[in-house]
Protein chains: 2
Amino acid sequence: MTTTPPRQRTGLSRGRVLSAAVELADAEGVESLTMRALAERLGVEAMSLYYHVANKAALLDGVADAVIGEILAAVPSPAEDEDWRSALRERILAARSVLLRHPWAPLLLTRPGAFGPSAVLYFEGVLGILVRGGFSNELAHHAIHALGSRAIGFAQELFTPADAAEDVSDGVLEQMATQLPYLSGMLASIVHEADSTLGWCDDQAEFEFGLDALLEGLEAARLRARR
Amino acid sequence: MTTTPPRQRTGLSRGRVLSAAVELADAEGVESLTMRALAERLGVEAMSLYYHVANKAALLDGVADAVIGEILAAVPSPAEDEDWRSALRERILAARSVLLRHPWAPLLLTRPGAFGPSAVLYFEGVLGILVRGGFSNELAHHAIHALGSRAIGFAQELFTPADAAEDVSDGVLEQMATQLPYLSGMLASIVHEADSTLGWCDDQAEFEFGLDALLEGLEAARLRARR
DNA sequence: ACCTGAACACCGTTCAAGT
DNA sequence: ACCTGAACACCGTTCAAGT
């Protein structure tokens, strides 16, 4: 009898495949999450993965739901006396703190098939907070749509003045002023803001501002509905 | 002298490559937008594309900006006497109507490099509406972040009760009731809603509800800032 | 039941070469 | 200046085969 090498001999499983995929994405980025690289990380041949996962799309769906599972574990259960707004705010910011550890997750979460069993449980919690807080089923449904990806802790943006910031260094801002008066004015103002010490925008602060604006609008809608 | 075949002999250009890419994505989906397929559509060899576009990433960035260019052409210029809220609402809904013709566009627009010259012009317009409407540069900046992808007409969601709808047909809803009381309650309510005739959710109505909630929250923030 | 090896069709991209 | 052909490294996935 020869002793096996000190590699794990537990055999694969869907769970081990998915958690290895999360680790790989964390370490090397999603673009490096290939069937072959994942197999190598598990000390196995690429084709072995197909026994535990139907195909690459199913793998990515599973990884997305695994991230939401991680969120579920991190999310606090609302206190009895807490109002809906701060309970929901707390839950969403907890979800966000998990996503910050997995910057690649939003890409997977916005794929069509990403809505899995953990997502169902997560939204059950969100919905419970809303309904117990006085939202009708219909209004709570609209509220969840209104939150969009913010409900799970991320906001998709494409406005990145940071990219334009490089060009602003020399006299380009003066040149911009005639063609883009509002943007150049805003950039000039923001440079002088004290609290934008690192980078142009404080992502966390912007996320919370947007979340609070939305929550305020939803509260107004709730009050109107009660009449 | 032999006559050339009736194919366009204009030669390639960055513009022709990009508009052909948009057409291809519209017709076959983004996943079919490969360098080889795009070349074939243009009656040219795949490698010829690299003369007009640095690589595939640059191609996708260009396509994303081309879509925003289309949005720019469709967006109305606000009337003189229009208040910021309805002017911005109108602009965003016009952007959305363009994106509905390119369902694949959000995927490209949320890529890191998608913020191009047309996006700059688009946000210059948004910012102008806000500043003329009484927002300070700082608050307008926060407002643009708060709008996120909604500013260009789409909302990223992953809450798709429609996917769960299939399973609800038989007695599963009763089975759900104990484990997922809130979701099963909401699903039961929504089925009975009159105006959800086709499908579960009216995407356009949900988008407008979320947009209006956000605009209401932003207006409240503006009023607070003026004091 | 679980894993493998060889092979296939398809990518993006390089490089030297044509006109 | 603009386009091409052949080749390379790398994908996801099939299939028949091993244990």
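Throughout, a chain's letter reflects where its sequence line sits, starting with A, and its residues are numbered from 1. Keep in mind that this is a model prediction, so the values were computed, not measured.
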*salt bridge (Lys or Arg N to Asp or Glu O under 4.0 Å) with B/E23: which residues, sequence neighbours excluded?*
B/R41
*Listed by chain and number, what are the salt bridge (Lys or Arg N to Asp or Glu O under 4.0 Å) partners of B/D212, not counting sequence neighbours?*
B/R89
*asked:* Without decimals, in angstroms, what is the distance between B/L42 CG and D/dC3 P?
replied: 10 Å
*Between C/dC10 (P) and B/E28 (CD): distance, integer Å*: 14 Å
_Minimum heavy-atom distance between B/A140 and B/L130, given as atom pair plus value_ = O-CD1, 3.8 Å
*asked:* Taking side chain to side chain donor-acceptor pair (under 3.5 Å) as the definition, give me every residue that meets it alongside A/R96, ordered by chain and number, with sequence neighbours left out.
replied: A/Q204
_Using a 4.0 Å cut-off on heavy atoms, which residues in residues 18-26 of chain A reach DNA chain D? List them by number, or say none._
none
_Pairs counted only when both distances fall under 3.5 Å, Watson-Crick or G-U: show me the 5' to 3' dot-bracket for DNA chain D, [ ] for pseudoknotted crossings and | for other-strand partners._
||.|||||...|||||.||
*asked:* Looking only at the side chain of A/S48 (C-beta and beyond, no hydrogens), which of the listed nucleotides D/dC3, C/dC3, D/dT4 gets closest?
replied: C/dC3
_Can you give me the closest heavy-atom contact between A/A146 and A/L218, atom names plus distance?_
CB-CD2, 4.2 Å
*asked:* Can you give me the closest heavy-atom contact between B/F209 and A/A143, atom names plus distance?
replied: CE2-N, 4.0 Å
*asked:* Expressed as a whole number of angstroms, how long is the span from B/L12:CG to D/dC2:P?
replied: 10 Å
*Return the set of residues passing side chain to side chain donor-acceptor pair (under 3.5 Å) with B/Y182 (not counting sequence neighbours), or none when no residue passes.*
A/R132
*Looking at residues at least two apart in the chain, or sitting in another chain, which of them share a salt bridge (Lys or Arg N to Asp or Glu O under 4.0 Å) with A/R101?*
A/E70
_Is the terminal nitrogen or CZ of B/R91 (NZ for Lys, CZ for Arg) located under 6.0 angstrom from the six-membered ring centre of B/Y122 and within 45° of that ring's axis?_
yes
Please list each protein N or O that sits under 3.5 Å from an N or O in nucleotides 11-14 of chain D, with the distance.
{"unit_1": "D/dG12", "atom_1": "OP1", "unit_2": "A/M35", "atom_2": "N", "d": "3.4"}
{"unit_1": "D/dG12", "atom_1": "OP1", "unit_2": "A/K56", "atom_2": "NZ", "d": "2.7"}
{"unit_1": "D/dG12", "atom_1": "OP2", "unit_2": "A/M35", "atom_2": "N", "d": "3.1"}
{"unit_1": "D/dG12", "atom_1": "N7", "unit_2": "A/R36", "atom_2": "NH1", "d": "2.5"}
{"unit_1": "D/dG12", "atom_1": "O6", "unit_2": "A/R36", "atom_2": "NH2", "d": "3.1"}
{"unit_1": "D/dT13", "atom_1": "OP2", "unit_2": "A/Y50", "atom_2": "OH", "d": "2.9"}
{"unit_1": "D/dT13", "atom_1": "OP2", "unit_2": "A/K56", "atom_2": "N", "d": "2.8"}

*asked:* Strictly by side chain to side chain donor-acceptor pair (under 3.5 Å), give each pair with a member in residues 148-157 of chain B just once, sequence neighbours left out.
replied: A/H145-B/E157
*In whole angstroms, how far is the P atom of D/dA1 from the NE2 atom of B/H52?*
12 Å
*Compare every heavy atom of B/S118 with every heavy atom of B/L72, then report the nearest pair and how far apart it is.*
CD1-O, 3.6 Å
*Quick one: side chain to side chain donor-acceptor pair (under 3.5 Å) partners of A/E45, sequence neighbours excluded?*
none
*What are the residues of residues 58-66 of chain B, sorted by number, that bring a heavy atom to within less than 4.0 Å of DNA chain C?*
none
*Indicate whether OP1 or OP2 belonging to C/dC3 is found under 4.0 Å from a side-chain N or O atom of A/Y51.*
no
*Got a sec, which pairs hit salt bridge (Lys or Arg N to Asp or Glu O under 4.0 Å) with one end in residues 53-67 of chain B, sequence neighbours left out?*
B/D61-B/R111
